[in-house]
Engineer: 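Take a look at this one; I'll ask things after.
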Amino acid sequence: MIFSVIGNGKTGGVIQEVVKKNGETLVLPTNDLFTEEPLAFDEKIEGMIDFSHPNNISKILEYVKKNNTAVVIGTTGLSDEHFKMIEEMAHYSPVIYSANYSLGVILMNKLVAEANRVLLDWDVEVIEKHHNQKVDAPSGTANLFLNTILNDRKAELVYGREGSSKRVKEEIGVHSLRGGTLSGEHEVCFMGIDEVLSVKHEAFSNKIFAEGAVHAATWLVGKPNGLYTMEDVLFK
Ligand SMILES: NC(=O)C1=CN([C@@H]2O[C@H](COP(=O)(O)OP(=O)(O)OC[C@H]3O[C@@H](n4cnc5c(N)ncnc54)[C@H](OP(=O)(O)O)[C@@H]3O)[C@@H](O)[C@H]2O)C=CC1
Ligand SMILES: O=C(O)C1=N[C@H](C(=O)O)C[C@H](O)C1
């Protein structure tokens, strides 16, 4: 298969290595991603994998409209407008968006959904920790867990906490720590009377995201147009 990776950073670089290691062809964009120029490739791309910056989503949409390329997107920090663009992309090609491509996190999301349904009376808070180069907070994965929790309970999100008032029942605290080279840690704490249930995932390198994304791209090429999830890739 012929893949292109958008993003040459910490994760994009590892994805490029995994594509090559798997014996697939890797083609990179010929233009500078920072320019307003549309994406350009010398060969027909079958799968595009994006781990870069939200600014590139509109360029990927324009490319997909013309070329119907399968797209795997891992970039986080996206706005509602970006998510609308991703939905539009799915009219032209098969698309996967996931804030996290590790098996452990996708399974954790199912465990969080189940714990939340059973423990609706308990307080819940989310803690995420990442390296000091990360630009978006809270992480995309924290937002994934929050959306899962908010599917079954009504709550206000409180980002960090300070001041002199008690926690109210209908709130979820969200806490983002940044430092060092941490690849990513997520913990969802359900706190009841005299007991706590914590569901936690720790990533020790970016390889897990890279391998998950390349696996997703290989799965996606040839699928009918539409928006897919990592749950579709791993569990269906
Ligand atoms: N879904 C998942 O499983 C995962 C998602 N991510 C997400 O992937 C993204 C990239 O992460 P990571 O590799 O750690 O980040 P890096 O900072 O290492 O790399 C970012 C890449 O995006 C490019 N870039 C930066 N700013 C812009 C801009 N304004 N316009 C266009 N391109 C830009 C950089 O170009 P240059 O090299 O020239 O600076 C670089 O290629 C983040 O959103 C991160 O949260 C990360 C890991 C896992
Ligand atoms: O920027 C990162 O590094 C990561 N970003 C993703 C997120 O925002 O959830 C996934 C992973 O935690 C690493």
Side-chain angles (χ1 to χ4, degrees), residues 4-19 26 28-40 48-63 71-79 82-83 85-86 95-109 112 126-148 159 174-188 199-217 220 228-231 233-234:
S4 165
V5 180
I6 312 292
N8 210 11
K10 285 182 290 300
T11 321
V14 183
I15 295 173
Q16 293 177 29
E17 282 168 24
V18 173
V19 169
L26 174 70
L28 295 171
T30 52
N31 61 315
D32 178 349
L33 289 179
F34 289 99
T35 69
E36 292 304 309
E37 292 298 308
L39 289 173
M48 193 181 282
I49 307 176
D50 169 59
F51 280 66
S52 60
H53 187 278
N55 282 1
N56 289 324
I57 299 289
S58 57
K59 283 194 204 177
I60 295 170
L61 172 60
E62 289 316 308
Y63 185 85
V71 190
V72 166
I73 299 176
T75 301
T76 59
L78 304 186
S79 64
H82 292 123
F83 283 114
M85 289 183 205
I86 292 175
V95 178
I96 296 182
Y97 177 78
S98 182
N100 199 302
Y101 281 88
S102 76
L103 169 63
V105 158
I106 302 305
L107 178 59
M108 176 169 160
N109 194 39
V112 166
V126 176
I127 306 164
E128 56 100 342
K129 302 179 191 172
H130 282 87
H131 52 90
N132 59 19
Q133 298 301 300
K134 186 161 178 64
V135 287
D136 55 311
S139 67
T141 309
N143 286 330
L144 168 75
F145 295 136
L146 290 166
N147 287 335
T148 298
Y159 297 96
V174 186
H175 310 280
S176 298
L177 279 67
R178 295 288 176 268
T181 57
L182 259 168
S183 292
E185 189 179 307
H186 292 91
E187 185 172 6
V188 180
V199 192
K200 181 172 166 182
H201 178 267
E202 289 174 81
F204 296 110
S205 82
N206 278 13
K207 212 169 149 213
I208 55 168
F209 311 126
E211 284 179 344
V214 175
H215 175 59
L220 191 65
Y228 298 87
T229 64
M230 258 322 253
E231 266 199 54
V233 178
L234 295 171

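Both counts, for ligands and for their atoms, begin at 1 and track the order of listing.
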Engineer: Among all protein heavy atoms, pick out the one at the shortest distance from atom 1 (O) of ligand 2; state its residue, atom name and that distance to 0.1 Å.
Structural biologist: K134 NZ, 2.8 Å
Engineer: Which ligand 1 atoms are under 4.0 Å away from a heavy-atom of N56?
Structural biologist: 31 (C), 32 (N)
Engineer: Looking at ligand 2, is there an atom of it that comes within less than 4.0 Å of some heavy atom belonging to F209?
Structural biologist: yes
Engineer: For ligand 1, is any non-hydrogen atom under 4.0 Å from S139's backbone (N, CA, C, O), its side chain (CB onward), both, or neither?
Structural biologist: neither
Engineer: Check each atom of ligand 1 against the heavy atoms of N8 and keep those under 4.0 Å away; list them by number with element.
Structural biologist: 40 (C), 41 (O)
Engineer: Hey, which atoms in ligand 1 end up nearer than 4.0 Å to a heavy atom of G74?
Structural biologist: 1 (N), 2 (C), 4 (C), 5 (C), 6 (N), 7 (C), 8 (O)
Engineer: Any nitrogen or oxygen of H131, main chain or side chain, under 3.5 Å from a nitrogen or oxygen of ligand 1?
Structural biologist: no
Engineer: Identify, for atom 39 (O) of ligand 1, the protein heavy atom at the shortest distance, and state residue, atom and that distance.
Structural biologist: F34 CZ, 4.1 Å
Engineer: For ligand 1, is any non-hydrogen atom under 4.0 Å from Q133's backbone (N, CA, C, O), its side chain (CB onward), both, or neither?
Structural biologist: neither
Engineer: Does a side-chain heavy-atom distance below 4.5 Å link V95 with L220?
Structural biologist: no
Engineer: Does an N or O anywhere in N206 fall below 3.5 Å from an N or O of ligand 2?
Structural biologist: no
Engineer: How close does the nearest protein non-hydrogen atom get to atom 12 (P) of ligand 1, and which residue and atom is it?
Structural biologist: T11 OG1, 3.6 Å
Engineer: Check whether any N or O atom of F209, backbone or side chain, sits under 3.5 Å from an N or O atom of ligand 1, and answer yes or no.
Structural biologist: no
Engineer: Side chain, backbone, both or neither: which part of K10 has a heavy atom under 4.0 Å from ligand 2?
Structural biologist: neither
Engineer: Students should be able to answer this: which protein heavy-atom is nearest to atom 10 (C) of ligand 2, and at what distance?
Structural biologist: A99 O, 3.4 Å
Engineer: Can you tell me the protein heavy atom closest to atom 3 (O) of ligand 2 and the distance?
Structural biologist: H131 NE2, 2.8 Å
Engineer: Answer yes or no for G74: is there a heavy-atom contact with ligand 2 below 4.0 Å?
Structural biologist: no
Engineer: Please list, in number order, the atoms of ligand 2 under 4.0 Å from a heavy atom of H186.
Structural biologist: 12 (O)
Engineer: Do N206 and ligand 1 have an N or O pair less than 3.5 Å apart?
Structural biologist: no
Engineer: Under a 4.0 angstrom heavy-atom cut-off, which atoms of ligand 2 come close to H130?
Structural biologist: 2 (C), 3 (O), 4 (C), 11 (C), 12 (O), 13 (C)
Engineer: List the steps, then state whether side-chain contact (heavy atoms from CB on, under 4.5 Å) holds for L182 with L177.
Structural biologist: CA-CA 10 Å; L182 259 168; L177 279 67; over 6 Å; no
Engineer: Quick test: of every protein heavy atom, which one is nearest to atom 26 (N) of ligand 1, and how far off is it to 0.1 Å?
Structural biologist: H53 CD2, 3.3 Å
Engineer: Which atoms of ligand 1 are found less than 4.0 Å from any heavy atom of K134?
Structural biologist: 45 (O)
Engineer: If you have a sec, work out which protein heavy atom is nearest atom 20 (C) of ligand 1 and how many Å separate them, to one decimal?
Structural biologist: S52 O, 3.9 Å
Engineer: Return the closest protein heavy atom for atom 9 (O) of ligand 2 as residue, atom name and distance.
Structural biologist: T141 OG1, 2.5 Å
Engineer: The test is side-chain contact (heavy atoms from CB on, under 4.5 Å); show your working for Y63 and V71 and say whether it passes.
Structural biologist: CA-CA 10 Å; Y63 185 85; V71 190; over 6 Å; no
Engineer: Could you tell me, atom by atom, which parts of ligand 1 come under 4.0 Å of a heavy atom of G7?
Structural biologist: 41 (O)
Engineer: Identify the closest protein heavy atom to atom 17 (O) of ligand 1: which residue and atom is it, and at what distance?
Structural biologist: K10 NZ, 3.7 Å
Engineer: Would you check the N or O atoms of G140, main chain and side chain alike, for any that come under 3.5 Å of an N or O of ligand 2?
Structural biologist: yes
Engineer: Would one find more than 12 heavy atoms of other residues, nucleotides or ligands at under 6.0 Å from atom NZ of K207?
Structural biologist: no
Engineer: When V214 is tested against each of V5, V18, V72 for side chain to side chain contact (heavy atoms under 4.5 Å, CB included), which residue passes?
Structural biologist: V18
Engineer: Determine whether a donor-acceptor pair (N or O, by modelled atom type, separation under 3.5 Å) exists between the side chain of K134 and the backbone of R178.
Structural biologist: no
Engineer: Hey, does T75 come in under 3.5 Å of ligand 1, counting only N/O atoms on both sides?
Structural biologist: no
Engineer: Evaluate the criterion side-chain contact (heavy atoms from CB on, under 4.5 Å) for residue pair E62 and L39; output intermediate values, then yes/no.
Structural biologist: CA-CA 8 Å; E62 289 316 308; L39 289 173; over 6 Å; no
Engineer: Would you check whether A99 has a nitrogen or oxygen atom less than 3.5 angstrom from a nitrogen or oxygen atom of ligand 1?
Structural biologist: yes
Engineer: Strictly distance-based, threshold 3.5 Å: is any side-chain N or O of T76 a donor or acceptor partner for the main-chain N or O of A99?
Structural biologist: no
Engineer: Any protein heavy-atom neighbour for atom 37 (O) of ligand 1 (distance below 4.0 angstrom)?
Structural biologist: no
Engineer: What is the ring orientation for F51 with Y101, classed by angle as parallel under 30°, tilted 30 to 60°, or perpendicular over 60°?
Structural biologist: tilted
Engineer: Heavy-atom contacts with S98 under 4.0 Å: which atoms of ligand 1 show up? List them by number with element.
Structural biologist: 1 (N)
Engineer: Give the residue, atom name and distance (to 0.1 Å) of the protein heavy atom nearest atom 8 (O) of ligand 1.
Structural biologist: F51 CD2, 3.7 Å
Engineer: Counting only N and O atoms by type, is there a donor-acceptor contact under 3.5 Å from the side chain of S102 to the main-chain atoms of I208?
Structural biologist: no
Engineer: Among protein heavy atoms, which lies nearest atom 3 (O) of ligand 1, and at what distance?
Structural biologist: Y101 N, 2.9 Å
Engineer: Identify the protein heavy atom lying closest to atom 45 (O) of ligand 1, giving its residue, its atom name and the separation to 0.1 Å.
Structural biologist: T76 OG1, 2.5 Å
Engineer: Show your working on side chain to side chain donor-acceptor pair (under 3.5 Å) between S139 and H130 and close with a plain yes or no.
Structural biologist: CA-CA 8 Å; S139 67; H130 282 87; 4.6 Å; no
Engineer: Under a 4.0 Å heavy-atom limit, does A203 contact ligand 2 with its side chain, its backbone, both, or neither?
Structural biologist: neither
